[in-house]
4 protein chains.
Amino acid sequence: MIITSEIISFFLETRQHTEEICAPLETEDYVVQPIEDVSPPKWHLGHTTWFFEEFILKPLKPNYTLFNKDFAFVFNSYYEAAGKRVVRSNRGNLSRPTVSQIYEYRDYVTQHLVELMEEGITKEIYTLAELGIHHEKQHQELLLTDIKYILGHNPLLPKYSETFDENCIEHIPEKWIAIEEGIYKIGHKGKSFCYDNELGRHKVFVPNFEIRNTLISNEEYLEFINDDGYKTVSLWHADGWNWINENTINSPEYWHNVGNDWLYYTLNGLVEIDKNAPVTHISYYEAFAFAQWKGMRLPTEFEWEIAQEKFKWGLRWEWTESAYLPYPNYHKPEGAIGEYNGKFMVNQKVLRGGSVATPKKHTRPTYRNFFQPHLRWQYTGIRLVK
Amino acid sequence: MIITSEIISFFLETRQHTEEICAPLETEDYVVQPIEDVSPPKWHLGHTTWFFEEFILKPLKPNYTLFNKDFAFVFNSYYEAAGKRVVRSNRGNLSRPTVSQIYEYRDYVTQHLVELMEEGITKEIYTLAELGIHHEKQHQELLLTDIKYILGHNPLLPKYSETFDENCIEHIPEKWIAIEEGIYKIGHKGKSFCYDNELGRHKVFVPNFEIRNTLISNEEYLEFINDDGYKTVSLWHADGWNWINENTINSPEYWHNVGNDWLYYTLNGLVEIDKNAPVTHISYYEAFAFAQWKGMRLPTEFEWEIAQEKFKWGLRWEWTESAYLPYPNYHKPEGAIGEYNGKFMVNQKVLRGGSVATPKKHTRPTYRNFFQPHLRWQYTGIRLVK
Amino acid sequence: MIITSEIISFFLETRQHTEEICAPLETEDYVVQPIEDVSPPKWHLGHTTWFFEEFILKPLKPNYTLFNKDFAFVFNSYYEAAGKRVVRSNRGNLSRPTVSQIYEYRDYVTQHLVELMEEGITKEIYTLAELGIHHEKQHQELLLTDIKYILGHNPLLPKYSETFDENCIEHIPEKWIAIEEGIYKIGHKGKSFCYDNELGRHKVFVPNFEIRNTLISNEEYLEFINDDGYKTVSLWHADGWNWINENTINSPEYWHNVGNDWLYYTLNGLVEIDKNAPVTHISYYEAFAFAQWKGMRLPTEFEWEIAQEKFKWGLRWEWTESAYLPYPNYHKPEGAIGEYNGKFMVNQKVLRGGSVATPKKHTRPTYRNFFQPHLRWQYTGIRLVK
Amino acid sequence: MIITSEIISFFLETRQHTEEICAPLETEDYVVQPIEDVSPPKWHLGHTTWFFEEFILKPLKPNYTLFNKDFAFVFNSYYEAAGKRVVRSNRGNLSRPTVSQIYEYRDYVTQHLVELMEEGITKEIYTLAELGIHHEKQHQELLLTDIKYILGHNPLLPKYSETFDENCIEHIPEKWIAIEEGIYKIGHKGKSFCYDNELGRHKVFVPNFEIRNTLISNEEYLEFINDDGYKTVSLWHADGWNWINENTINSPEYWHNVGNDWLYYTLNGLVEIDKNAPVTHISYYEAFAFAQWKGMRLPTEFEWEIAQEKFKWGLRWEWTESAYLPYPNYHKPEGAIGEYNGKFMVNQKVLRGGSVATPKKHTRPTYRNFFQPHLRWQYTGIRLVK
């Protein structure tokens, strides 16, 4: 049974939280796109709003008038079925619509969606609204990591906050959790919300393995650096070796070698590395090379899912060895919504867990995050298996 | 004799005019850089200010405190001798300093320079202040053309103004002015301000020629388009032909073919082409191909300078056939100021005249503007010689 | 027990077969490298020879003198541990060593290796020689596909042969083979030769599936083309869609649309498409889109290995849905030989089977071939699962 | 009056000399194209032949049968009016036609042209044949410089010859030649052969100048290197500074710093730098920076032409400060031949003189060679003016 007030509250809380994330920004911070992977904050504000307008209000609200007919062109991300759009690398070249116009757009769409839901929520509206809410939560995480990139690559290194704790120290002794071989069930169970890529719960045979209860710390990662990890070709994939050499990479993103010290840009500004904190902002290539150096390996996503009850997680997105592929019997939803996940199932690695930037109620044990193996601007981390 | 009050007034008027140009902008418009040639308006505001601070206040004002020691890194354009700087293509990725901080920076520097000048103007201060003022005037023109690019390439095509007249219709009958062959003197004469590249007045032999009293109109340029000018290889330089094909160019910048009509984006928004207005926003390659099509040619910069008294100019920057080269006995000034002009004297063409965007008291008959042959975002135009 | 005469015969046959493949070439055909993935035939001849010299003769043959000390630089492919090398994209810029010098080099190394083996084969020599032979067989296949690319992209479309049959028509009725769910063992069994990436035989749970006994034919693929398969975005991965659009791809490699007919460049020259032949020279992206269009999918590499006894294979390299990843307990060999397979286990898809270009005794049911998803110059093909 | 036997002899000598230049090559050397500016020798052989076939035999010889109708596609260089062609960067990817087929093509065309001329030479045939001969002579120079590039960038550094003297030591004492200001006539005089770009003899006013009788030597250039010339930004154009930094340039092309010595690759192989020889293989950017460092400048092409009688030249192509522009009243010939020179008159600098690679009877005092300012693979050199 759908409880209208619950979904409306969930919707409104989510919409509000997005705006809270942006509250510390200057107007100028909303506009820029320093690399293609990072979108301008104002684009996220508009895009999450367009999603509700395009997929719910436009088809389902009688007599709905678009806020601005040109906004679909500006705020569509990648939905080919939903028409033409600004090319991704061009998002940071658009000064208009202004930030205040986009906030008006948000209010307009929020209000119309609440109206629609108050008039009576069908199954279809509910499903789409729930998807839209989770979509916006995904963008909340991107907002934080994109803001970090924008400020952290500005020569003035401005702070976003005074109190955002990125360190996430685990404060528990390291140990190895042994899991027995066997057939396990993988994928989402029950009726609660999940993405299409988690469905198709299915059996997998997994051999014996041991997985560490804690993430790799900065201290451990520094040992890898100091042992010439970035200069030892045998630890790296060929693609990874090319990538570190072409981009002159010798430490995680946001690390600055100043004199003999390593400093680290955080949302609270530049600080010293905390050796006890889990390392973060590393690519899959680096995670793999680190594991090689340890003589161990990364978990598969199945191992991770089987073992996750035994350790804490949600601090870092943990790179797995698994490629992002459809589960057996995966079915892409019909229409533009079908472009949400399925079309990315090639050339990416699965990450499991969640991070300090992941909003509440967003991640789950079966959640499959995915990124290309060279990307580092998310709060990624490393867990080992042996 | 240096009259202090005059130079101070000239300085203050110039500083104020820059801010008047920016008055219609939204904060977001100050930030973006859609192509490398276009700088964010806030960068122009900061850079023109940094020029006064770096070359006058820092070396010459006793006890001067820099407004912000990091700003030199952000606002240096290309002065290698003045230290490291943000790479040009990265200017649009910087949300900080904010627009309001830059306005504070402007006020701070303006006030300190007035103080310095009121305390007594040496020849050195005068010379540098005059250069700084003309430098800022150059950036006033760039501000307008960059704003036009930013708004004119936004999918919403917002207006900058309601009253900015770009058309510049000449309202005089076309005729051909004959100039006799002979030895002429070329270059700046007298003691008034000019750039180093205009000095070294020297003799040049020029054969007979006839030059048109009016610029090429949109109507004439449309005939070229309609006669397949953009598809006729024999009219083009090899580099020009590659350029139009690689960039799919078939009309001037800012022209939009809608149905059977040509519309034109101006600072007042999208309007119909006025057939009587001089064509603008064309590259040297297009100007050359047009002249070939007419069976004529572009003037050399010497011909232009000799003939300029006989026609009106200052509506469009007029492409000449001359390459941008040093005059005989050209001497580069010492130090960072020496980087102002000399180091660009290769791979560029000279433009003469001035444009609707050129500020008052800025251009002169001997003024040598220069751009690469493919650039179109300035108000360029065509005058023919036969 | 190692039988010396057998390994020597196997070695000599393989060396000779490589040269037979090159026999129809003109000297000029040995030299060029039209794209980075395709190497000049003379490079293959030298590289396969260098492999024996570098890994066997140099370390293991007493008093061995290198044929030419500079050849290691020229003929190393990607073994970082074996020193510097010519960058891959530069192979086609090298006119020297000449083809005849390389044939001398081949003879020299062949003779010395036979000598070494005749003097007594240790286990180490045997293992390395066997690897070197299989390595050369891999390059025999590449030689054929690279020659096809070189001649097939020459505007004169010269023939390589009169009698090379690429069609491989299966002549059996299509049917679906049902396989029951269960735990299966995957990976190489027994003591015969295999690559390191096939080892670590392990259990995998596989659900029920049905797999087709025949490959997809040109006729079926033409239906996909004619049904606008290349224009239907919902069938494609995002990366695949970008790839076909950026490269203007609308048919398999080597297909030429002439009038209303499709012609196909083969090693025997340009011929009409044979509708009954299995389609070939398609990328993973195209194989995937075709399967989507059929409402089916590609097999995983495990499904393929389990089912392979039931159908004929070895006509086309069959794209699987599996990413190229290490098997559980995969161990990279020590030293430069360890670079053979392991470092490529990211960003590639597994292909199973073999092709018309695969030399005899080279492929096996557990053989794991791998390529990036956009590559088409191998004889790739499509088998479906439902 | 046209003397048939003379033009036929001149033609045959030229054809033969081209083949003599290629005589020392291996077949493989004819094929490769290590950079876009360098064409494969076999392409030069075919292209010079195609020029005679396309512009003389095809239109003017009755019943002439093309040697091979596909060759126009392969051997057209840049004549848009003469149809489609292989893109320039693709010339080194073509193994066919083979070298021996191209020699057959040469013989076929040579023979047919001699036949045509023996039957009676019209003015039109004479003019085109003379142009074709000089065109082939230009390619003779390119053949030598392209062969040098191909062999000089091969890791084996093979020799082309034992006796090719590149040094060209002048053996005369350095002095400065003073030329008085005045009006001078510039451009080709008389009826002998010249290119269209030398015509339009015209008056130019030239101020007083002094020009050096000798070229800059390796010894002088080494002083510039040792005085950190390549690290002193104020000596360079902005484009030149970017070019040396992006390409890590710190010496002329073909120089190798080995230990404390400079070695130099010549057509005779690697030798020590001869300090007395004129420096060569430097770009315009380097020539300009060297002149700046000396406190002098490069000559204009007019100064060079006026002064050339007073010094020896023909050792190096001497960079001038002049941009490559049309002379007053320059007229492009009609048709495809009109593409010979005119369409390159932008973005290039003029070089005067000739070089050790220039064939006999090819250069003249009014000859205008031209290249882009960064190119170095020709035998370029430096003469100074003060």
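To find a chain, count down the sequence lines: A is the first, B the second, and so on, and within it residues start at 1. For clarity, every value in this text was computed on a predicted model and none was experimentally measured.
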Please report the C-alpha distance between C:H237 and A:F344 in whole Å, then the side-chain angles of each, then the deciding distance to 0.1 Å, and finally whether the side chain to side chain contact (heavy atoms under 4.5 Å, CB included) criterion is met.
CA-CA 6 Å; C:H237 286 110; A:F344 301 110; over 6 Å; no

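- Side-chain contact between A:Y285 and C:V346 is present, with heavy atoms from C-beta onward closer than 4.5 Å.
- Per-residue heavy-atom pair counts under 4.5 Å with chain A were compared for C:A238, C:A323, C:P326, C:S322, and the maximum is reached by C:A238.
- When heavy atoms are compared at a cutoff of 4.5 Å, C:Y324 does not approach chain A at all.
- The minimum heavy-atom distance linking C:M345 with A:E321 is given by the pair O-OE2, 4.5 Å.
- Taking OG of C:S234 as the reference point, atom NZ of A:K332 lies at 5.5 Å (rounded to 0.5 Å).
- Using modelled atom types, one finds a donor on one side chain and an acceptor on the other under 3.5 Å when comparing C:D239 with A:N347.
- Of all heavy-atom pairs spanning C:W236 and A:K343, the tightest one is O-CB, 3.8 Å.
- Contacts of A:T127 classified as side-chain contact (heavy atoms from CB on, under 4.5 Å), with partners at least two apart in sequence or in another chain: A:K123.
- Considering CG of A:N329 and CG of C:N208, their distance stands at 10.0 Å, rounded to 0.5 Å.
- Only the side chain of A:Q292 comes within contact range of chain C, judged by heavy atoms closer than 4.5 Å.
- Listed by chain and residue number, C:I186, C:V204, C:F302, C:Y327, C:P328 satisfy the side-chain contact (heavy atoms from CB on, under 4.5 Å) test with C:H202 (two or more places apart in sequence, or in another chain).
- With a 4.5 Å cut-off on non-hydrogen atoms, A:F209 does not touch chain C at all.
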